[in-house]
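Working notes for the structure below.
Proteins get letters first, then strands, A, B, ... in listed order; numbering begins at 1 in each.
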Number of protein chains: 2
Amino acid sequence: MHDQNINVALKQIQDYFKIAISVDCVIFGYDGKELKVLMIQCNMDPYMGKWSLLGDLVSPDEDLDVAAQRILNERVGFKNLYLEQVKTFGKIGRHPSGRVISVSYYSLVKMSDFIPSTNLPIPAKWWNIYEVEELAFDHRQILDACLDRLRKRVRYNPIGFNLLPKEFTLSQLQNLYEAILNKMLDKRNFRKKITAMGFLTDCHRYQKEVAHRPARLFSFEMKKYNALEASGLIFEL
Amino acid sequence: MHDQNINVALKQIQDYFKIAISVDCVIFGYDGKELKVLMIQCNMDPYMGKWSLLGDLVSPDEDLDVAAQRILNERVGFKNLYLEQVKTFGKIGRHPSGRVISVSYYSLVKMSDFIPSTNLPIPAKWWNIYEVEELAFDHRQILDACLDRLRKRVRYNPIGFNLLPKEFTLSQLQNLYEAILNKMLDKRNFRKKITAMGFLTDCHRYQKEVAHRPARLFSFEMKKYNALEASGLIFEL
DNA sequence: TCAAAAGTGTTAATGATACACCCATGT
DNA sequence: ACATGGGTGTATCATTAACACTTTTGA
């Protein structure tokens, strides 16, 4: 290959391939009280030390969704999480190292199953969603867009269960909705609505070792839900 | 520059910059009866002759939204159209020339103002949304995603007016909603709802030269709507 | 005078909201 | 026995859905 070819190649790079693609994941969790988001500290100027979402470049032979799953798997050790693409951020100056267009996703994690790995390259921290500090890059915008989307989605799709343990009480479920929507709900109306939809399975088991009347445990099974949805059920909370 | 540098450069290309970004626009229009979508014919194998959305590569110094506006302007001659980003499509094999990740947008055009330019590089055609043939690339998926989004958006945001002439009748507005939602609506209930929201301005003018009782003309002003929204109005149809 | 779309209210059904007390357990 | 959250039903209000006839114009 001689210089002329190089110049052609470099010209092409300049013209078409000077953009890198990344994926950024907003990872939501729920600890039984608060809605949380997982973040790491940025090690790149000018955002050194600022908190940042988990993200990485997408390689040329990698699907976007696969890249998102990879990030979740590499950094948090989870597979097959609920994942939804939200929005693509492409402002010129959004990344200090050059033109990086970022496809954002949010993901839902059962924190009860989450074992914080101490041997990961970068330690991560769960932040209360309402107490997040100033973030690196345009990650505040990304976080806001994902939280907005989650709030809409959770009202019309049964995805909240991805944040709860397999067996949960109705109060836990209500509390989760209150944390996501940032709004109090009426206990009786909430229970009426969700039990009337008929997709919750009564586990015939109860909470143990709680200093009050133990609550009935329920579980959510996608199969059962799908069957009901197919016969006309409309989920709405 | 000698060969070693070349190899480094090429390696970098291979590693990070082998992905091109494009924008594809679903351009919706309304001719008074049907919801339409603007498309062109593909001149690239293996999709030669198939119909395709309007799209182009994003240049490295160009915002995504700006690229979308540019495409609309270059190809259709419009500026400042309503535009919404919908989803990013990034499957490995979606484009025959290599890895191209496409950010999709939909846009709303007043067809009444649209003068089909005959001197454009590629002639475009308005298709009835419900009669679109097999499309090039993954454009069917993109179209479906954009139509879905439009259907949701139009129920909770006053964006339908972007498809109507400045002055329109209530029947035209209803017809537009029926075309978008693909569903008949009750005339009296529709009128009650939309007039009760109070943001339509009566033009005190009427249709002319129609072979039936002429309908009252209304207009939509964003200012008025914003004021009402600020004082608590919730748009919903 | 006919055809075609404009315009207009009421009733019934459904869904949403508001609200207070007794129950079972651990300490 | 007390503190804590679990669990339950009804009445009111607001919203939605269903429905038919008269009016105005051009042909």
B/P214 has a side chain; which of D/dT24, C/dG7, D/dG6 sits nearest to it?
->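 Per side-chain heavy atoms of B/P214, the pick is D/dT24.
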
Name the closest nucleotide to the A/R213 side chain, picking from C/dA4, D/dG5, D/dG9.
-> D/dG5

Using the benzene-type ring in the case of Trp, are the ring centres of A/F161 and A/F168 under 6.0 Å apart?
->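 Yes, they do, as the ring centres are separated by less than 6.0 Å.
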
In whole angstrom, give the distance that lies between atom [atom1] of [X] and atom [atom2] of [N].
| X | N | atom1 | atom2 | result |
| --- | --- | --- | --- | --- |
| A/D186 | D/dG9 | CG | C1' | 12 Å |
| A/Q174 | D/dG5 | CD | P | 13 Å |
| A/Q172 | D/dG7 | CD | P | 11 Å |
| B/N189 | C/dT8 | CG | P | 14 Å |
| A/R191 | C/dC19 | CZ | P | 19 Å |
| B/E209 | C/dA5 | CD | C1' | 17 Å |
| B/L185 | C/dG7 | CG | C1' | 17 Å |
| B/H212 | C/dA4 | NE2 | P | 11 Å |

Parallel, tilted or perpendicular for B/Y82 and B/Y106, by the 30°/60° rule?
-> tilted

Residue pair A/L170/A/A211 against DNA chain D: nearer the 5' end by closest nucleotide is A/A211

Select from B/E236 and B/K187 the residue whose nearest nucleotide in DNA chain D is closer to the 5' end of that strand.
->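 The residue closer to the strand's 5' end, by nearest nucleotide, is B/E236.
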
Pair [X] + [Y]: basic N to acidic O under 4.0 Å:
| X | Y | value |
| --- | --- | --- |
| A/D24 | A/R94 | yes |
| B/E221 | B/K223 | no |
| B/R205 | B/E167 | yes |

Hey, is the side chain of B/R188 poking within less than 4.0 Å of OP1 or OP2 on C/dG7, counting only N and O atoms?
-> no

Does OP1 or OP2 of C/dA5 have a side-chain N or O of B/S171 closer than 4.0 Å?
->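 Looking at the OP1 and OP2 atoms of C/dA5, neither is under 4.0 Å from any side-chain N or O of B/S171.
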
Side-chain donor/acceptor of B/K192 to base of C/dT10, under 3.5 Å |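 Yes.
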
How is A/R216 classified with respect to the nucleic acid when contacts are heavy atoms under 4.0 Å: base, sugar-phosphate, or nothing?
-> sugar-phosphate

